[in-house]
2 protein chains.
Amino acid sequence: MEHSKKTTIHDIAERLNVTASTVSRALNGNPRISDNTRKAVLKAARELDYEPNQIASALRSGRTQLIGMLVPTINRAFFSSIIRGVEEVANSLDYRVIVSQSNEIFENEENAVKAFLNARVDGIIASIGKNTEHFNHYKQVLDRGLPLVLFDRTTPKLQTGQVVIDDYQGAYMATTHLIEQGCERIVHFTSERKIDIYKERYRGYVNALQDHGIEPNHSLVFSGNLQLEDGRKHAEQLIQGKVDFDAIFSASDYAAMGAMQVLKENGLKVPDDVALVGFLNEPFTSFTDPPLTSVNQFPIEMGQTAANLFFNALNSDKKKIIPKKTVIQPELIVRASSLRTAP
Amino acid sequence: MEHSKKTTIHDIAERLNVTASTVSRALNGNPRISDNTRKAVLKAARELDYEPNQIASALRSGRTQLIGMLVPTINRAFFSSIIRGVEEVANSLDYRVIVSQSNEIFENEENAVKAFLNARVDGIIASIGKNTEHFNHYKQVLDRGLPLVLFDRTTPKLQTGQVVIDDYQGAYMATTHLIEQGCERIVHFTSERKIDIYKERYRGYVNALQDHGIEPNHSLVFSGNLQLEDGRKHAEQLIQGKVDFDAIFSASDYAAMGAMQVLKENGLKVPDDVALVGFLNEPFTSFTDPPLTSVNQFPIEMGQTAANLFFNALNSDKKKIIPKKTVIQPELIVRASSLRTAP
DNA sequence: TTTACTTGTGCAATCGATTGCATAAATAAT
DNA sequence: ATTATTTATGCAATCGATTGCACAAGTAAA
């Protein structure tokens with residue numbers, strides 16, 4: 001079978017003895033078209049199996065119905081869930097999402113943004129890379145008048161919409177929970193990197209201690225990369241150094257997991273000897289033994305929020321995003337790793 | 001600052017006193033353009049900060065440099081890893097990937113494919129939904145002469161490129177491994193659904209048993225949805241029914257996990273009393289206690305393979321995919337849940 | 001020197017839809 | 001009955017790049 005040529009508005013126009021303008025207006029619900037004509041157009045469109053060519057429409061109208069979405073890593077639960085949230089909102093509004101990943105490499109990030117602009121996306125939703133220090137590529141987006149929304153990893157250097165979770169609050173809740181479980185010497189795993197989110201978590205940890213009359217102890221804070229191995233190392237140091245501690249609040253589930261392994265290997269009971277709380281609520285946290293208490297960041301909701309912010313900006317007159325920061329409240333998910341039966 | 005109008009090939013043409021055709025040809029490396037002109041064009045393009053408008057190019061040339069990618073669920077490790085694989089290959093060739101999810105709902109799947117076609121993607125890479133039984137939407141893709149590649153969930157009803165893993169082989173390896181660990185009464189968790197992949201895994205299980213002189217036992221096979229809860233239920237039945245068994249090979253990591261929980265709750269030791277093997281190598285499998293042996297499907301490689309198949313088809317004369325099925329060999333990742341120290 | 005290619009550009013149509021402006025017909029206002 | 005307004009549609013330019021065909025100038029072959 002030959003590939004039958006796609007029908008265009010001209011085919012419809014010809015059949016009805018009207019012009020393409022009329023057909024276009026009828027299809028787009030322009031009120032200046034009579035009811036009769038509109039019905040006839042819609043009927044013909046159906047009969048001829050008409051499907052609009054979005055490329056042609058985009059060229060003329062300047063709207064592609066495409067959103068460029070940039071994440072550091074696609075296949076990490078947190079980010080893929082955010083993509084999911086964005087995708088749901090976007091698709092319901094007949095927008096499509098182009099996904100690219102930077103792999104935390106600055107050059108990739110620049111290229112992806114440039115590619116998005118060449119593809120003439122209607123705007124961009126992005127999480128900036130760990131190593132990103134200049135923001136010219138993002139400024140270009142704003143200079144073109146395109147909506148830009150940043151999530152999770154944001155920067156005050158760009159005047160644009162941002163969505164983050166309240167890391168401070170999450171850490172505060174986690175630490176308070178441990179205190180309420182009777183813990184008094186609470187270790188904290190944090191990151192060496194100077195990213196806001198870890199500073200905020202540290203701040204939440206410190207403040208929660210102080211608010212409950214516990215003096216923060218510098219020797220209980222461990223800084224590393226927050227991977228599984230880092231957690232193991234920290235835990236080994238704690239044990240070998242015979243440090244007196246009864247809980248760990250880790251800014252990452254992976255590091256918490258590493259610590260859990262080492263603790264168990266050394267015959268320490270979780271949570272009775274050491275209570276454990278992680279951060280991010282990775283999918284694996286409910287499958288560890290004991291299941292790991294963690295802080296849920298609501299990534300799907302975060303994606304939805306980012307998308308809503310995006311569409312608000314898109315539909316506003318100025319097409320300029322109000323540089324508002326939306327802060328999502330996290331939730332402490334208490335599991336067995338921090339639940340002491342008897343105080 | 002005003003949004004400076006984007007420069008077009010006409011601006012370059014004007015500055016150099018040539019026509020837009022010449023500029024277009026120069027930029028596209030057409031050999032009929034003299035070296036001098038080409039250099040002048042490239043220089044002017046750089047100076048004027050020219051960026052091609054892909055929409056205009058797409059309208060005229062019919063090539064959008066976009067791939068539509070359809071998955072059941074974006075935020076599942078297996079699928080997001082496949083997306084990652086596709087994205088890497090696509091981006092390196094200056095293609096972008098539009099991602100949509102069907103959530104296993106047939107209507108969503110149809111709509112997504114239709115949206116892809118309206119966006120005039122150059123082709124589609126998809127995994128079909130569990131409940132999909134008609135394939136007209138995919139046939140339309142083929143009728144238009146667009147490349148279509150299916151991965152993981154495929155169908156023989158479509159004459160097109162497919163990428164799957166060798167489920168039979170994965171199951172055969174898993175079962176053989178258990179037998180080699182000294183297990184003789186091996187339970188199998190499978191799915192009620194009539195999807196090929198589960199039938200293949202079942203077949204691999206049965207054949208491995210037979211090849212080692214063990215008679216398959218119908219009462220050791222449990223059928224369900226393969227979720228965590230199903231695994232728990234099956235394990236409870238096994239224990240309450242006082243069934244004699246010494247291993248479980250589950251067609252899903254989640255069900256294996258559920259079983260592990262119940263076994264431990266009932267004082268049974270993994271792997272000594274019951275050895276355990278899952279399937280899919282979910283990220284959590286290395287974090288369970290004991291870590292869960294599983295079958296790696298190489299999802300990133302699967303995505304890369306799908307993308308390569310796609311581009312082969314795209315670049316072939318006929319633009320018709322050779323309806324070839326690429327089968328990826330899985331790998332058994334042995335962890336503690338199935339490793340018996342003494343036979 | 002004449003004829004035949006080759007090389008490098010230009011012309012103008014085209015991809016398919018959108019949209020500002022003009023206009024004919026129908027209706028309302030005076 | 002005349003003028004003003006509304007309604008419905010057409011005209012033609014436009015978005016920006018691509019491409020088949022034409023053609024002038026230069027080079028090679030006869």
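Chain naming here is simple, since letters A, B, ... match the order of the sequence lines and numbering starts at 1 in each. As the structure is a computational prediction, the values presented were derived from the model and not from experiment.
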Measure [atom1]/[X] against [atom2]/[N] and give the value in whole Å, please.
| X | N | atom1 | atom2 | result |
| --- | --- | --- | --- | --- |
| Arg120(A) | dC15(D) | CZ | C1' | 11 Å |
| Arg60(A) | dT14(D) | CZ | C1' | 5 Å |
| Arg38(B) | dT7(C) | CZ | C1' | 13 Å |
| Ile9(B) | dT18(D) | CD1 | C1' | 8 Å |
| Tyr50(B) | dG16(D) | OH | P | 10 Å |
| Asn118(B) | dC15(C) | CG | C1' | 16 Å |
| His10(B) | dA17(D) | NE2 | C1' | 7 Å |
| Gln54(A) | dT18(C) | CD | C1' | 14 Å |

Contact check, residues 13-37 of chain A vs DNA chain D, heavy-atom distance under 4.0 Å, returns Asn17(A), Val18(A), Thr19(A), Ser21(A), Thr22(A), Arg25(A), Arg32(A), Ile33(A), Ser34(A), Thr37(A)

When rounded to the nearest 0.5 angstrom, what is the spacing between CD in Gln54(B) and OG1 in Thr64(B)?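 Going from CD on Gln54(B) over to OG1 on Thr64(B), the span is 8.5 Å.
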
How many angstroms lie between CG in Leu93(A) and CG in Leu314(A), if you round to the nearest 0.5 Å?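 Answer for the CG-CG pair, Leu93(A) versus Leu314(A), is 9.5 Å.
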
Residues in side chain to side chain contact (heavy atoms under 4.5 Å, CB included) with [X], at least two apart?
| X | result |
| --- | --- |
| Ala40(A) | Leu16(A) |
| Ala112(B) | Leu70(B), Ser100(B) |
| Glu133(A) | none |

With [X], which residues qualify under side chain to side chain donor-acceptor pair (under 3.5 Å), at least two apart?
| X | answer |
| --- | --- |
| Thr154(A) | Gln162(A) |
| Asn103(B) | Arg84(A) |
| Asn118(A) | Glu51(B) |
| Ser127(B) | none |

Just to confirm, is there a sub-4.0 Å distance from OP1 or OP2 of dT19(D) to any side-chain nitrogen or oxygen of Arg63(B)? yes

Which side-chain hydrogen bond (donor to acceptor under 3.5 Å, both in side chains) pairs, counting each pair once, include a residue from residues 33-44 of chain A, with sequence neighbours left out? Ser34(A)-Thr37(A), Lys43(A)-Glu47(A)

Could you give the angle between the helix axes at the two ends of the helix from dT1(C)-dA30(D) to dT30(C)-dA1(D), with five pairs per end, rounded to 10 degrees?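 Taking the rotation axis at each end, their angle is 40°.
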
Might you list the N or O atoms of the protein lying below 3.5 Å from N or O atoms in nucleotides 4-6 of chain D, with each pair's distance?
none

Which pairs with one or both residues in residues 76-130 of chain B pass ring pair (Phe, Tyr, Trp, His ring centres under 6.0 Å), sequence neighbours excluded? Tyr95(B)-Phe311(B), Phe106(B)-His134(B), Phe106(B)-His137(B)

